> 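Would you mind keeping the following structure in view while I ask a few things?
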Number of protein chains: 2
Amino acid sequence: MGRPAPRSGRRPATILDVARRASVSPATVSRVLNRRPHVRPEVRAAVERAVAALGFRPNPVARSLVGGGSRTLGLIVADITNPFYAETAKAIVETARGRGYMVVLCNTDNLPRLQAEQIRMLREQRVEGIILGSVHRRDPAAEELVASRFPCVMYNRRLASQAGTFVVLDNVRGAEEVTRHFIELAHRRIAFLAGPPSFSTAAERLTGYRRALAHAGIPFDRRLVRQGQFKAELAYQAARELLQQRPRPTAIVAGNDLTALAVLDAAAHLGVRVPEDVGVSGFDDIELAGSERIQLTTVGQQKAEMGRLAVNYLLELVEARDGLRRDPIHHVLPPTLVVRRSCGAMAGARVRRAATL
Amino acid sequence: MGRPAPRSGRRPATILDVARRASVSPATVSRVLNRRPHVRPEVRAAVERAVAALGFRPNPVARSLVGGGSRTLGLIVADITNPFYAETAKAIVETARGRGYMVVLCNTDNLPRLQAEQIRMLREQRVEGIILGSVHRRDPAAEELVASRFPCVMYNRRLASQAGTFVVLDNVRGAEEVTRHFIELAHRRIAFLAGPPSFSTAAERLTGYRRALAHAGIPFDRRLVRQGQFKAELAYQAARELLQQRPRPTAIVAGNDLTALAVLDAAAHLGVRVPEDVGVSGFDDIELAGSERIQLTTVGQQKAEMGRLAVNYLLELVEARDGLRRDPIHHVLPPTLVVRRSCGAMAGARVRRAATL
DNA sequence: CTGAAAGCGCTTACAG
DNA sequence: CTGAAAGCGCTTACAG
């Protein structure tokens with residue numbers, strides 16, 4: 001009588017099965033499973049034997065219901081087909097797996113409404129923390145998330161308020177360095193293909209560009225700044241306009257590699273040679289930037305490292321059992337100027353060297 | 001006395017709160033929530049009012065524990081930084097969201113051990129179904145998953161046994177068409193940069209290549225086939241070897257776009273002109289294949305459609321309440337030959353046209 | 001049509 | 001050190 005005998009079939013073992021086999025209570029099994037102290041070694045061993053014999057694996061859903069943690073994180077990016085996000089996402093997923101967490105992927109296309117909805121869904125699904133790859137500078141949903149003290153970290157972009165933990169590139173310096181690089185190559189009419197000013201990345205890169213001009217005493221000319229929106233199609237149009245200006249800019253600093261590629265396309269279609277007629281630079285150093293046909297000068301960032309840091313900071317928050325939650329961390333990574341052919345420095349070097357001989 | 005009054009604070013409303021406010025039982029609330037019949041309209045309305053007033057959202061974890069479904073799917077790909085996977089993943093995530101499901105992303109780097117581990121973890125997390133983007137032709141973990149009748153669908157690649165539901169490209173035809181295209185351009189020494197033969201995609205593309213040669217009466221020459229492993233670095237080496245053969249192949253059919261780009265690089269480094277000295281083609285039609293600097297002739301596949309189909313077939317399985325589970329579906333999508341500059345057809349056409357005048 | 005009760009598989013105080 | 005009991009928030013037979 002009483003409960004039916006356990007079906008010998010496919011039903012996965014539960015903690016009760018383990019308890020019975022080891023002749024202990026489920027509470028004790030739970031203690032062993034969670035490596036808690038206060039269990040006699042021989043009891044612990046018996047439980048472990050039972051676990052092994054039954055091939056028992058705790059049901060994460062039950063654990064999560066009772067507050068034990070779902071071992072799942074959320075990752076929200078703007079566009080997973082953007083190589084920058086794909087590369088960081090890969091590092092994030094792999095780092096999380098190494099720590100025993102899975103990650104739910106969400107794609108927002110930069111739509112605030114979608115991002116707010118995804119944050120809500122992720123919290124309902126009881127993910128233990130959220131990584132935000134594409135917050136806006138003002139971003140009510142993200143700000144509320146941070147304020148609620150729910151474990152989260154931003155990467156790539158940050159809030160204007162500087163609230164919360166984030167790991168970002170030093171975008172100001174990156175843009176400043178690449179712009180100065182063109183200045184050192186004797187450029188004066190340097191255009192800037194900007195990203196949407198609602199993103200910290202775009203705003204900071206524009207700042208860096210202006211700063212480099214200012215340092216060199218080159219007046220800022222707003223006609224040389226065009227919106228590329230970080231998107232290939234829009235950037236293509238903007239690049240055409242820039243390239244048709246007279247006098248034509250002698251260099252174009254693009255907001256990211258995707259838009260820099262659009263500049264290359266626009267130049268090709270207009271018969272403008274790169275780098276002879278116009279120098280071009282990007283931002284991100286995606287894998288294709290180094291290919292022989294592209295050879296894009298760009299600002300590199302440590303994408304895998306950024307992803308790893310984001311996960312590690314997040315898990316610190318997740319695992320900090322409430323009390324000892326420390327101050328938000330602002331981790332700013334250094335940029336690397338990657339000089340390839342598209343800026344003209346290579347050719348120039350060769351020419352100069354030849355002249356010296 | 002009895003249970004403490006609900007803390008007015010942040011505790012999210014539960015089904016019990018709703019039941020109390022609507023003066024019904026939790027069972028009735030559950031019925032309304034799940035749109036089950038047999039609820040008087042006025043009761044239903046009262047419950048709905050209570051739900052709205054409390055901002056109640058059912059806890060998916062509890063639902064999932066009791067067998068109600070976690071509303072989560074798993075997606076396992078070989079490499080999310082490969083644009084093919086990024087593009088299909090995007091469609092998958094968005095289609096799933098439209099149907100109210102989230103998706104857990106896993107990356108295997110094509111390691112069978114990792115894939116087996118991820119499948120296990122996903123099942124433990126109680127995802128309701130799994131999409132496999134990178135099965136091997138023999139793949140014990142995937143075969144077992146299919147055999148267990150757990151809802152799953154493969155895309156891109158399939159099992160040699162043809163077991164399970166899948167949506168794939170007609171790879172044989174794709175490779176056959178692009179090879180024939182070169183033959184029609186009068187090529188005879190056509191090399192093939194293969195993928196790992198343990199993948200159906202690679203095996204089928206090789207078959208298509210051989211079939212086109214056979215149809216044209218061109219003898220198969222195994223020295224013209226090299227392993228590119230679908231990876232840029234390995235393909236680069238293999239491409240160098242091919243390009244240094246004497247006589248040099250006049251065309252190279254690459255197993256995918258990533259390896260075709262490696263061929264372009266190798267050619268550039270060796271001073272071999274594309275398409276004048278060697279024609280090149282890829283497979284996948286990733287976004288960059290169309291850029292002005294690349295202009296890669298390739299075999300296009302409907303990536304977004306493939307992702308959408310995978311989700312829809314999977315949800316059919318998930319939602320087919322056991323009984324009416326129908327036969328596995330084998331959906332084979334047609335390839336599209338995308339002719340750009342790298343094959344030489346453009347230049348050739350122009351030349352021929354000029355000659356005619 | 002509706003409710004009381006049991007149960008999903010764990011964990012966490014509370015006793016001892 | 002260990003166990004009995006309650007509970008996490010739902011859903012599902014079973015009664016009525």
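Proteins come first, then strands; the chains are lettered A, B, ... in the order of their sequence lines, and each starts at number 1. This one's a predicted model, so the numbers in the text were calculated from it and none came from an experiment.
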> Taking atom P of C:dA15 as reference, at what distance in whole Å does atom NE2 of A:His38 sit?
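Distance check: A:His38 NE2 to C:dA15 P gives 18 Å.
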
> What's the CG-C1' distance between A:Leu33 and C:dC10, to the nearest Å?
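So the two atoms are 10 Å apart, to the nearest Å.
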
> For B:Arg36 and B:Leu65, find the nucleotide of DNA chain D closest to each by heavy atoms; which residue's nucleotide sits nearer the 5' end?
B:Leu65

> Would you mind pulling out the nucleotide paired to D:dA15, Watson-Crick or G-U wobble, both distances under 3.5 Å?
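Partner of D:dA15: C:dT2.
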
> Show your reasoning for whether side-chain hydrogen bond (donor to acceptor under 3.5 Å, both in side chains) applies to A:Asn107 and A:Tyr85.
CA-CA 10 Å; A:Asn107 201 84; A:Tyr85 284 114; over 6 Å; no

> Please confirm whether the backbone N or O of B:Met121 pairs with a side-chain atom of B:Gln125, one donor and one acceptor, at under 3.5 Å?
no

> Whole Å only: how far is the CZ atom of B:Arg20 from the C1' atom of D:dC10?
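That distance rounds to 15 Å.
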
> Check the distance between C:dA6's C1' and B:Leu16's CG and give it to me in whole angstrom.
15 Å

> If you measure from the Lys or Arg side-chain nitrogens to the Asp or Glu carboxylate oxygens, is any gap between B:Arg308 and B:Glu305 under 4.0 Å?
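Counted as a salt bridge, because a side-chain N and a carboxylate O are separated by less than 4.0 Å.
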
> Tell me whether the side-chain N/O atoms of A:Arg40 come closer than 4.0 Å to OP1 or OP2 in D:dT2.
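Indeed, a polar side-chain atom of A:Arg40 lies that close.
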
> Between A:Asn34 and B:Thr28, who's closer to the 5' end of DNA chain C by nearest nucleotide?
B:Thr28

> Using modelled atom types only, decide if a donor and an acceptor are shared between the side chain of B:Tyr313 and the backbone of B:Ile329 within a distance under 3.5 Å.
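A pair under 3.5 Å: no.
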
> What nucleotide, of D:dC8, D:dA4, C:dT2, holds the atom closest to the side chain of A:Ser25?
D:dA4

> Should B:Ser30 be listed as having a side-chain N or O under 4.0 Å from OP1 or OP2 of D:dT11?
yes

> Heavy atoms only, 4.0 Å cut-off, all strands: where does A:Val61 land among base, sugar-phosphate and nothing?
nothing

> At less than 3.5 Å, do the side-chain atoms of A:Arg126 and the base atoms of D:dG9 form a donor-acceptor pair?
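Per atom types, no contact qualifies.
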
> For DNA chain C, whose closest nucleotide is more 5', that of A:Ala27 or that of B:Val66?
B:Val66

> Are the aromatic ring centres of A:His136 and A:Phe199 under 6.0 angstrom apart?
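Yes; A:Phe199 has its ring centre under 6.0 Å from that of A:His136.
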
> Is B:Arg120 paired with B:Glu117 through a side-chain N to carboxylate O contact shorter than 4.0 Å?
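Salt bridge absent between B:Glu117 and B:Arg120.
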
> If I take atom CD1 in residue B:Ile15 and atom P in nucleotide D:dG7, what distance separates them, rounded to the nearest angstrom?
18 Å

> To the nearest Å, give me how far apart CD (A:Glu124) and C1' (D:dC10) are.
14 Å

> Between B:Glu124 and A:Arg71 (salt bridge meaning N to carboxylate O under 4.0 Å), is one present in this structure?
no

> OP1 or OP2 of C:dG9 sitting under 4.0 Å from any side-chain N/O of A:Arg63?
no

> What residues from residues 43-50 of chain A pass a heavy-atom cutoff of under 4.0 Å to DNA chain C?
none

> Starting at CZ of B:Arg31 and ending at C1' of D:dT11, how long is that distance when rounded to a whole Å?
10 Å

> Under 4.0 angstrom, heavy atoms only, what part of the nucleic acid is B:Val24 near: base, sugar-phosphate, or nothing?
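Counting heavy atoms under 4.0 Å across all strands, the contact made by B:Val24 is with sugar-phosphate only.
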
> Round to a whole Å and report the spacing from CG of A:Asn59 to C1' of C:dC8.
8 Å

> Measure from the side-chain N and O atoms of B:Glu128 to the backbone N and O of B:Leu73, and report whether any donor-acceptor pair falls under 3.5 Å.
no

